[in-house]
Engineer: 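Sharing a structure here in C-alpha cells format.
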Amino acid sequence: MDFRKIGVVGAGTMGNGISQAFAVAGFDVVMTDVAQAQLERANTAISASLDRLVKKDKMSAGEKAQALARIRASTELAAVRDCELVLEAATENLELKLKIFRQLDELAAPQAVIASNTSSISITRLAAATKHPERVIGMHFFNPVPVMALIELIRGLQTSPETYGAVEALAKRIGKSPVQVKNSPGFVVNRLLCPMINEAVFALAEGLASAEQIDEAMKLGANHPIGPLALADLIGLDVELAVMQVLYEGFKDPKYRPAPLLAEMVEAGYLGRKTKRGFFSYA
Ligand code: NAD
C-alpha cells in the first residue's frame, strides 16, 4: 500500500489538525466537509497554526506555503475518490458515520484504506458497513493534532495485518507514535480519561469545589498539565458526552453514567472552546 493522497472527511477541530499533519509531512490532502464555513475556518486555523511554527523557526515561510498548497478543500465527498487512504473525522454519531462509511465504500477505490478518527464507536461495526472490512481501521488522533504524539491504532475484528502494518508505517511517517489497541468502547485513553472528566463534572455539580478549584487541585495534586474541566472544554463537551454514552451503553455499567450537568451544558450549546463557552469562558 503506497499512500500519497489522503482524504479527510470532516474539517472540524480534528479534521483540520489531521489535514495539517499530513500536508506538513508531504502528502496531498483533500479535506471535505458538508459546511463551507467549516472548511474556511479550517483553512484559517491551519494557516495560523503554521504561522506559529514559522515564528518558532520550526518551518520556513516557503514550507508553510507548500504545505497549504497541498490541501484542497471541497464540500463534495466525491472529491476523495482517488485517495489511497480516507480518514473520517466527522461528528461523533454512529448513524452519521455508518452513512459516510457506506458512501465511501461506493466512492473509494477497492484497495483504499478507510479509517475513522472516532473517539469511541466500534471500528468492527463501521467496517461491517463496507464491502472491504479488512481495509478498515481506527486512527485515533489526539487534540491538538499538531502537538500530540499519540495515535491509537484500533484493529477491528476484520482489520487485516497488511492494513494494520501499512497504517502503522504511515503514522510513523507523519512523525506520530502509534499504539496498537483492540476494538473496545473508548479504546484505552478515553476509557480512562473521560470517566475522570465526567467525575469532575459531578464534583462541580455537587458543589465540592469551583471549576477553578477542581482544575487547580488536579494540576497541583496529580501533576496534570491541564485541569479536567479545561480539558473537557478543549475536547468539546458534546464529544465528552458522546464518549460517556458509548461507554455506558457498551459496558452497561452505571459507573459510566454521564453527569446530568454535562448533558445539560450540551443542551444549552455550551460546548467548550469551539462555542467560546463551556466550564470556562473564552473571549
Ligand atoms: P467537530 O464538531 O469539531 O467537527 C466535526 C465536523 O464534521 C464538522 O465540521 C461538521 O460540519 C462535519 N460533518 C458533519 N457531517 C458531515 C458529513 N456527512 N460529511 C463531512 N463532514 C461532516 O468535531 P471534532 O472534535 O473534530 O470530532 C471529529 C471526530 O474526531 C469525532 O469522531 C470525535 O469523536 C473524534 N475525536 C475528537 C477529539 C477531540 O478532542 N475533539 C479527539 C479525538 C477524536
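Just follow the structure's listing: the first ligand is 1, and inside any ligand the first atom is 1. Quick note: residue numbers are just sequence positions, from 1.
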Engineer: Which of the listed options, Met14, Glu240, Arg273, holds the heavy atom that is closest to atom 27 (O) of ligand 1?
Structural biologist: Met14
Engineer: Flag the pair Glu84 and Lys5 as a salt bridge only when some basic side-chain nitrogen lies within less than 4.0 angstrom of an acidic carboxylate oxygen.
Structural biologist: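 Salt bridge between Glu84 and Lys5, a charged N being under 4.0 Å from a carboxylate O: no.
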Engineer: How far is atom 15 (N) of ligand 1 from the closest protein heavy atom, and which atom is that?
Structural biologist: Leu96 CD2, 3.5 Å
Engineer: Regarding Tyr282 and Asp233, is there a side-chain donor-to-acceptor distance under 3.5 Å anywhere?
Structural biologist: yes
Engineer: Got a donor-acceptor contact below 3.5 angstrom from the Asn16 side chain to the Ile46 backbone?
Structural biologist: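 No; judged by distance alone, with no hydrogens or angles, the pair does not exist.
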Engineer: Could you pull out, from Ala232, Ser116, Ala37, Ala90, the option with a heavy atom nearest to atom 7 (O) of ligand 1?
Structural biologist: Ala90
Engineer: Ignoring hydrogens and angles, state whether a donor on the side chain of Thr163 or Glu134 is under 3.5 Å from an acceptor on the partner side chain.
Structural biologist: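 No - no donor-acceptor pair under 3.5 Å links their side chains.
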Engineer: Among side-chain atoms of Lys172 and Ser177, is any donor-acceptor pair under 3.5 angstrom?
Structural biologist: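 No pair is found: no donor N or O on one side chain lies under 3.5 Å from an acceptor on the other.
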Engineer: How far is atom 41 (N) of ligand 1 from its nearest protein heavy atom, and which residue and atom name does that atom have?
Structural biologist: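 The closest heavy atom on the protein side is Ile235 O, 2.9 Å.
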Engineer: What orientation do Phe27 and Phe22 show, parallel under 30°, tilted 30 to 60°, or perpendicular over 60°?
Structural biologist: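 Perpendicular, since the angle between the ring planes exceeds 60°.
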Engineer: May I ask you to identify the nearest protein heavy atom to atom 33 (C) of ligand 1, giving residue, atom name and distance to one decimal place in Å?
Structural biologist: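 Of the protein heavy atoms, Ser119 OG, 3.4 Å lies nearest.
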Engineer: Identify, for atom 43 (C) of ligand 1, the protein heavy atom at the shortest distance, and state residue, atom and that distance.
Structural biologist: Phe141 O, 3.0 Å
Engineer: Where on Ile100 is there a heavy atom closer than 4.0 Å to ligand 1, on the side chain, on the backbone, on both, or on neither?
Structural biologist: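 Near ligand 1, Ile100 shows its side chain, while the N, CA, C and O stay back.
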Engineer: By number and element, which atoms of ligand 1 are closer than 4.0 Å to a non-hydrogen atom of Gln38?
Structural biologist: 8 (C), 9 (O), 11 (O)
Engineer: With heavy-atom distances below 4.0 Å as the criterion, list the atoms of ligand 1 near Lys97.
Structural biologist: 31 (C), 32 (O)
Engineer: Which ligand 1 atoms, with their elements, are less than 4.0 angstrom from a heavy-atom of Thr13?
Structural biologist: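 Once the distances to Thr13 are compared, the set is 3 (O), 25 (O), 26 (O).
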Engineer: Heavy-atom distances under 4.0 Å decide this one: backbone, side chain, both or neither, for Phe142 against ligand 1?
Structural biologist: neither
Engineer: If we count only N and O atoms by modelled type, under 3.5 Å, do the side chains of Thr32 and Glu76 hold a donor and an acceptor together?
Structural biologist: no
Engineer: Going by the closest heavy atom to atom 4 (O) of ligand 1, which one wins out of Ala35, Ala89, Gly12, Gly236?
Structural biologist: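 The nearest heavy atom belongs to Gly12.
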Engineer: Which heavy atom of the protein is the closest neighbour of atom 6 (C) of ligand 1, given with residue, atom name and distance?
Structural biologist: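 Answer for atom 6 (C) of ligand 1: Asp33 OD2, 3.7 Å.
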Engineer: Does a donor on one side chain sit under 3.5 Å from an acceptor on the other, for Glu249 and Gln245?
Structural biologist: no
Engineer: So which protein heavy atom does atom 32 (O) of ligand 1 come closest to, and at what separation?
Structural biologist: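 Protein heavy atom with the smallest distance to atom 32 (O) of ligand 1: Glu92 OE1, 2.4 Å.
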Engineer: Can you pull out the closest protein heavy atom to atom 30 (O) of ligand 1? Residue, atom name and distance to 0.1 Å, please.
Structural biologist: Asn117 ND2, 2.9 Å
Engineer: Going by the atom numbers of ligand 1, which of them fall below 4.0 Å from some non-hydrogen atom of Lys274?
Structural biologist: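 Going through ligand 1 atom by atom, the ones under 4.0 Å from Lys274 are 2 (O).
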Engineer: Measuring from atom 5 (C) of ligand 1, which candidate in Thr91, Val34, Asn16 has the nearest non-hydrogen atom?
Structural biologist: Thr91
Engineer: Do any N or O atoms from the side chain of Thr130 and from the backbone of Leu126 form a donor-acceptor pair under 3.5 angstrom?
Structural biologist: no
